[in-house]
Protein chains: 2
Amino acid sequence: MGTRDPFKASEVVSRRGGAAKQPLSRDIIVAAALDLLTQEGLDGLSLRKVAAALDTGAASLYAYVEDLQELHALLLDRALAGVDTSRNPQQGWRARLETLLESYYRALSRSPGLAQLAMSTIAAGPNALRIIEALLGLLGEAGVEQATAAWAVDLITLYVTAIAAEQSQRRRQPDPLGTITQVVGAVSAEEYPRIHALRHHLLSGSPVDRFTWSLEVLVKGIVQTPRPDAPAGKAVASRKRMTPARNRSSSKKL
Amino acid sequence: MGTRDPFKASEVVSRRGGAAKQPLSRDIIVAAALDLLTQEGLDGLSLRKVAAALDTGAASLYAYVEDLQELHALLLDRALAGVDTSRNPQQGWRARLETLLESYYRALSRSPGLAQLAMSTIAAGPNALRIIEALLGLLGEAGVEQATAAWAVDLITLYVTAIAAEQSQRRRQPDPLGTITQVVGAVSAEEYPRIHALRHHLLSGSPVDRFTWSLEVLVKGIVQTPRPDAPAGKAVASRKRMTPARNRSSSKKL
DNA sequence: ACCTGAACACCGTTCAAGT
DNA sequence: ACCTGAACACCGTTCAAGT
């Protein structure tokens with residue numbers, strides 16, 4: 001194990017002969033970790049490797065970071081820095097919502113394993129808060145009651161994270177035997193008639209088409225589904241019978 | 001500790017003085033792993049510990065299981081065995097859908113870490129297929145066009161898994177500093193006015209209430225949102241009356 | 001065939017000791 | 001104060017050797 005590996009992979013390497021090590025800092029550590037995550041995926045990310053990339057030992061990182069878990073959280077928030085929440089007043093709430101969530105989705109998909117990491121890390125950094133704030137604003141514009149919007153934000157972000165995680169990892173495995181494709185394609189028509197009949201539909205559609213469709217599902221559902229305990233104030237009077245938002249025809253049974 | 005006898009935690013322990021080791025088998029390995037997962041969570045699950053519980057070395061497991069990943073997949077499917085897909089013809093599709101998904105959700109929530117595991121494991125075992133098959137049937141009854149139902153199943157299962165994972169891990173941390181509760185509760189009113197204003201709403205609601213609400217959102221959205229490339233006109237336009245999913249006589253292209 | 005101890009190449013985290 | 005080598009207690013996986 002050569003300790004002096006010229007394997008730095010960071011900006012400041014050495015000026016002349018000597019090894020001019022940059023001073024450690026939270027920021028540099030997080031940057032190196034994100035680099036590593038991007039290049040090697042979640043499994044390739046370790047404190048030891050981050051330390052090695054910074055030409056030090058793993059123990060040194062503990063002066064700046066509590067934990068591997070904390071590093072994960074910092075990593076996630078830094079990755080979310082790229083999400084654009086600026087308002088474009090030209091567009092309606094719906095278009096802006098879609099733009100924002102696509103940006104969110106793309107940020108999580110940028111590095112393999114980032115979305116996976118997001119599924120096991122609570123996103124509560126400044127960038128996550130900025131995104132939530134923006135979402136609340138958009139849902140408000142959409143006329144969603146406040147208490148409902150609070151839950152809706154959770155639902156939406158959870159879903160975007162989940163779908164990014166699912167797809168990031170579908171990409172990890174080119175086509176081993178266990179893949180959905182193989183299983184669904186070979187399913188027995190007697191045992192699972194519906195899966196068999198729909199096997200092509202189940203696998204069809206580009207990620208972006210599915211994403212767009214799912215978003216539409218969520219938005220439509222959210223706009224029409226008040227929280228059970230929502231104030232009966234202006235929009236909804238849902239106490240026992242759930243009546244669709246505003247005044248739709250109340251015929252919808254089943 | 002000290003829940004069971006010595007250390008075995010499985011049926012066949014020792015008959016007489018000697019240590020009568022049960023023969024290994026896939027089934028026994030998976031059972032031991034599920035035990036371990038239930039008792040110690042995902043982080044406490046390892047091939048070495050499973051082997052130790054079965055009084056052997058980790059290497060021995062490789063005769064029955066390809067991989068840790070494969071063990072995960074087997075584990076997940078075994079956990080899904082408890083999901084009830086039997087039809088109760090007394091109830092409408094909606095009630096049955098809710099029952100099924102609650103059962104699914106509960107199965108994933110039974111062991112800590114199981115839902116997390118599910119997020120990084122493709123569920124394609126017989127029990128997963130059985131659940132998908134049932135979901136397709138229910139969506140068909142709901143009048144959802146077939147191609148749309150195929151995508152909807154993905155959306156629904158992904159969501160149930162994700163919310164189970166989120167909550168299973170919210171339970172892991174009682175209340176360290178980074179928790180959502182702490183962050184959201186202390187957010188600055190100037191920087192994040194909307195989060196601040198809604199901070200109580202954001203945290204309110206029991207898991208089951210949120211789950212039920214989310215499900216309603218999804219179902220309403222799905223019923224009303226055909227796939228972009230779905231056959232137009234024919235069946236479910238937007239919210240017309242549901243057809244009793246009976247007359248399959250008309251030409252069912254695709 | 002089935003099983004296994006030992007080894008290999010890794011982990012996160014702690015700590016006494018260095019500067 | 002900051003940094004570190006070494007150690008501790010773990011991992012998944014492989015393999016030659018045992019029965």
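Note on naming: letters A, B, ... go to the chains in the order of the sequence lines (proteins, then strands), and numbering restarts at 1 for each one. Hydrogens, waters and symmetry mates play no part in the numbers below; they use all other heavy atoms, side chains included.
The list of salt bridge (Lys or Arg N to Asp or Glu O under 4.0 Å) pairs with a residue in residues 72-81 of chain B, not counting sequence neighbours, reads B/Asp27-B/Arg78. Note on residues 187-197 of chain B: pairs passing salt bridge (Lys or Arg N to Asp or Glu O under 4.0 Å), not counting sequence neighbours, are A/Glu133-B/Arg194. Under the salt bridge (Lys or Arg N to Asp or Glu O under 4.0 Å) criterion, the residue pairs touching residues 60-73 of chain A are A/Arg26-A/Glu70, with sequence neighbours excluded.
Between B/Trp151 and A/Leu202 there is no side-chain heavy-atom pair separated by less than 4.5 Å. Under the 4.5 Å side-chain criterion, counting only non-hydrogen atoms from C-beta, A/Leu24 is in contact with A/Ser60.
Residues that satisfy the ring-ring contact (aromatic ring centres under 6.0 Å, His included) test with B/Tyr192, not counting sequence neighbours, are absent from this structure.
Counting only Watson-Crick or G-U wobble pairs whose defining distances are both under 3.5 Å, the stems of 3 or more consecutive pairs in DNA chain C are C:4-8 with D:12-16, C:12-16 with D:4-8.
A ring-centre distance under 6.0 Å is not found for B/Tyr159 and A/Tyr159.
Evaluated for a side chain to side chain contact (heavy atoms under 4.5 Å, CB included) with B/Leu135, the options B/Asp154, B/Thr85, B/Leu100 yield exactly one hit, B/Leu100.
The distance from atom CD of B/Glu70 to atom P of D/dT13 is 11 Å, rounded to the nearest whole Å. For the pair B/Ile29 CD1 and C/dC2 P, the interatomic distance rounds to 12 Å; values are reported in whole Å. Atoms OH (B/Tyr64) and P (C/dA1) sit 13 Å apart, rounded to a whole Å. Spacing between atom CG of B/Leu24 and atom C1' of C/dT4 amounts to 11 Å, rounded to whole angstrom units.
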What does the list of N/O pairs under 3.5 Å between the protein and nucleotides 6-12 of chain C look like, with a distance for each?
| unit_1 | atom_1 | unit_2 | atom_2 | d |
| --- | --- | --- | --- | --- |
| C/dC11 | OP1 | A/Ser46 | OG | 3.3 |
| C/dG12 | OP1 | A/Leu47 | N | 3.1 |
| C/dG12 | OP2 | A/Leu47 | N | 3.1 |
| C/dG12 | OP2 | A/Arg48 | N | 3.3 |
| C/dG12 | N7 | A/Arg48 | NH1 | 2.5 |
| C/dG12 | O6 | A/Arg48 | NH1 | 2.7 |

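Distance noted for atom C1' between C/dC8 and D/dC10: 15 Å (whole Å).
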